[in-house]
Amino acid sequence: MTSQPRGRAAAIGLLSAAAALAAGHFAAALGDPRTSPPVAVGGAVIDLAPAWVKEFAVAVFGTADKIALLVGMLLVVAALAVGAGLLSWLRWWPGALVIAAFGVVGLAAAATRAGGGVLPALVSLVVGVGAFGLLWWIAARPDRAEQQLAPASSGWARRRFLATSGLVVVGSGLAAAGGSVLSRGSGAVSSRAEVASRLPRVPLPAIPSGADFAASGTPTFLTANRDFYRIDTALVVPQLSAEDWRLRVHGMVGTELDLSFDDLLHRRLEARAITLACVSNPIGGDLISTANFVGVPVRDLLLEAGVRPGAQQLLTRSSDGYTAGTPLDVLLEPDRGALLAFEMNGRPLPAEHGFPVRMVVPGLYGYVSATKWLVDAKVTTFAEQHYWQRRGWARDAPIKPQSRIDRPRPNSSVPAGTVTVAGIAWAQPTGIRAVQVSADGGPWQNTELTTEVSRDTWRMWRARLELEPGDHVVRCRAIDSTGAAQTDVVQGVLPDGATGLHELRLRCT
Ligand SMILES: Nc1nc2c(c(=O)[nH]1)N[C@H]1C(S)=C(S)[C@@H](COP(=O)(O)O)O[C@H]1N2
Ligand SMILES: [Mo]
C-alpha cells in the first residue's frame, strides 16, 4: 500500500484539473470557442440562473459580471480538484472519479448549448483523468522503490514528480494561452473591416456643442463605442460575418422576408441618436449610454412582410439563442424609430455590441428590444415568452424616467458656498422638460438644461446651490415633456426597472 503526502495529493488534483481545462479550451479554439468547457458550463449556469441572481451579479459586479462568474467557477473547480486529490491519498481512483464527474458535467453542458460541440469536453475529460492517473502513478512509484531499495531514492523521486508537474503546468499554460489567442477576434474582425469600407453615407444627427455639460462633470453626449456599457449573457462574444449573415422575418406575416446584409444596406436607412438603458441599472447607476445608430426601420420590414391580425410581438433571436420580445404596437408606431442597426457612431457595430446587426428601440429597456447578433425575427403572440421573461422579468418594459447626479462625487468634501451640481436625466421617448434639485429637503428648484438633441436621448443638467458648511443631502428629479415628475417611490430593478430619486450626500467645509 502506498500513500501520498497531503500537499502532493492536492497538487495532483489541481494540476490535472488545470490540464483538463486548458486542453479543452485549446480544442475548442480550433473549432467553436463557445464549446470550451468553462464557457459552456458558465453559459449553462447563466441560462439556469433565476432573475434575482442576474440582478445580484449586475448589482455587485456591474459589467464585470462575466469575469466574476468565470473567476468564481475557477475557484470552485480548484477547490473540488484539491478535494479530488486529497480523496486519492491512498488509491488513485476516487480522485480520478471526481475528475471524470467534472468531465461529465462539461459534456452535459456542451451538449445542451447552441453549437452543441462536445469534442472539447471529451478532450478535457480524457486529459483530466489521464493527467491524474499519470501524476499519481509517478508520485506513488518512489515509495515502492523506497521500501525495497535505498531511502536515498526518495530525493530522486521527488525531483521526478516535480519535473512532471512542471511539464503539466507549462503544457497547460501553453494550451490555455494558445486557445485564447486562436479564439480571440476570429471571424468578426475581418468582416468588420470589410463592412467599414462600404458603409452607406447616411448623415448622422448633428450633436450641438451645448448638448452636454462634460466640463461640469456629466458624461459626453455621445458615448464612445469602447465606453458604451455592455450587458449580455454571452461569455464568449459571438463572431458572425456580414457575408454569411441572413435574417428571416417570419411567423404571423403575409410574406416571409429573407434578408442578407447587403439587402439591408440597400433599403431606406435612418440615423438616430438613441440612449440605451438596462433594466438592471439601479438608481444612480451607469448602465446607460448614447450612440448614433444607423439602420433599417423595423416598421418598414413589418409593413412589407404584412403583420397578420392577432399578432402581438416580434420575438427576435440572437445567434447564441438569446431572445427578446418586443410589442408590435410599439414597433409599428410611425415615429418610434426602432432600427435594425448595423452602424454605431460611424463605425460598423463592434462585435461586443452585436455585429453585424442588432435591434434598438428608443424607450424600451434593452432586454425586451435590443437583441444583438440578431439572426431571426418571428411575428407571434405573447404566448411565447422571451429569455428574461422566463426568468421572472416583466414582459413589457418601457424605460422609466430617471435622473442622476454625477458631480460632486458621493460623500465628497467640497468648499462651502456656491456648489455646482450636475448630472443626467432621461425619459425616452417622451423627452425631458425639466430637471429639479432639492437640498436638504428644501423646495424643488429648476436647473439649467442642455440643448435638446432628441426625445430619445438623455439630457444633461446643472445647478448652482448655495450650501453652508456641514453635511448635506441633494436630490434630483426629472420632469418629462408631459409634465409628469419622476416618482419618489422606491422600487428595486426587478421585475421592470428601478424607481426612486437619486440622492447625493456631501460635506461642505
Ligand atoms: N444577444 C443578446 N442581445 C442582448 C442581450 C443579451 O444577453 N444577448 N442583452 C440585452 C440587454 S439586457 C441589454 S441592456 C442590451 C445591452 O446592449 P449593449 O451591451 O450594446 O449596451 O442588450 C440586449 N441585447
Ligand atoms: Mo439589460
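Not measured: the values here are computed from a predicted model. Every number for a ligand or one of its atoms is a count from 1 in the order of the listing.
Judged purely by distance below 3.5 Å, without hydrogens or angles, the side chains of Thr35 and Asp32 never pair a donor atom with an acceptor atom. In this structure, a donor-acceptor pair under 3.5 Å is absent between the side chains of Ser191 and Ser241.
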What does the N/O contact table under 3.5 Å look like for ligand 1?
{"residue": "ligand 1", "atom": "1 (N)", "partner": "Ser318", "partner atom": "OG", "Å": "3.1"}
{"residue": "ligand 1", "atom": "1 (N)", "partner": "Lys372", "partner atom": "O", "Å": "3.1"}
{"residue": "ligand 1", "atom": "3 (N)", "partner": "Lys372", "partner atom": "N", "Å": "3.0"}
{"residue": "ligand 1", "atom": "7 (O)", "partner": "Thr233", "partner atom": "N", "Å": "2.9"}
{"residue": "ligand 1", "atom": "9 (N)", "partner": "Ile231", "partner atom": "O", "Å": "3.3"}
{"residue": "ligand 1", "atom": "17 (O)", "partner": "Arg358", "partner atom": "NH2", "Å": "3.0"}
{"residue": "ligand 1", "atom": "19 (O)", "partner": "Ile231", "partner atom": "N", "Å": "3.1"}
{"residue": "ligand 1", "atom": "19 (O)", "partner": "Lys372", "partner atom": "NZ", "Å": "2.5"}
{"residue": "ligand 1", "atom": "20 (O)", "partner": "His353", "partner atom": "ND1", "Å": "2.6"}
{"residue": "ligand 1", "atom": "20 (O)", "partner": "Arg358", "partner atom": "NH1", "Å": "2.7"}
{"residue": "ligand 1", "atom": "20 (O)", "partner": "Arg358", "partner atom": "NH2", "Å": "3.4"}
{"residue": "ligand 1", "atom": "21 (O)", "partner": "Tyr229", "partner atom": "O", "Å": "2.6"}
{"residue": "ligand 1", "atom": "24 (N)", "partner": "Ala370", "partner atom": "O", "Å": "2.9"}

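Residue pairs satisfying the salt bridge (charged side-chain N to carboxylate O under 4.0 Å, His left out) criterion with at least one member in residues 361-375, sequence neighbours excluded, are listed as follows: Asp232-Lys372.
Under the ring pair (Phe, Tyr, Trp, His ring centres under 6.0 Å) criterion, His502 pairs with no residue at all, not counting sequence neighbours. Applying the side chain to side chain donor-acceptor pair (under 3.5 Å) test to Arg407 and every residue at least two apart in sequence or in another chain returns nothing.
Using a 4.0 Å cut-off between charged nitrogen and carboxylate oxygen, Asp456 and Arg336 do not count as a salt-bridge pair.
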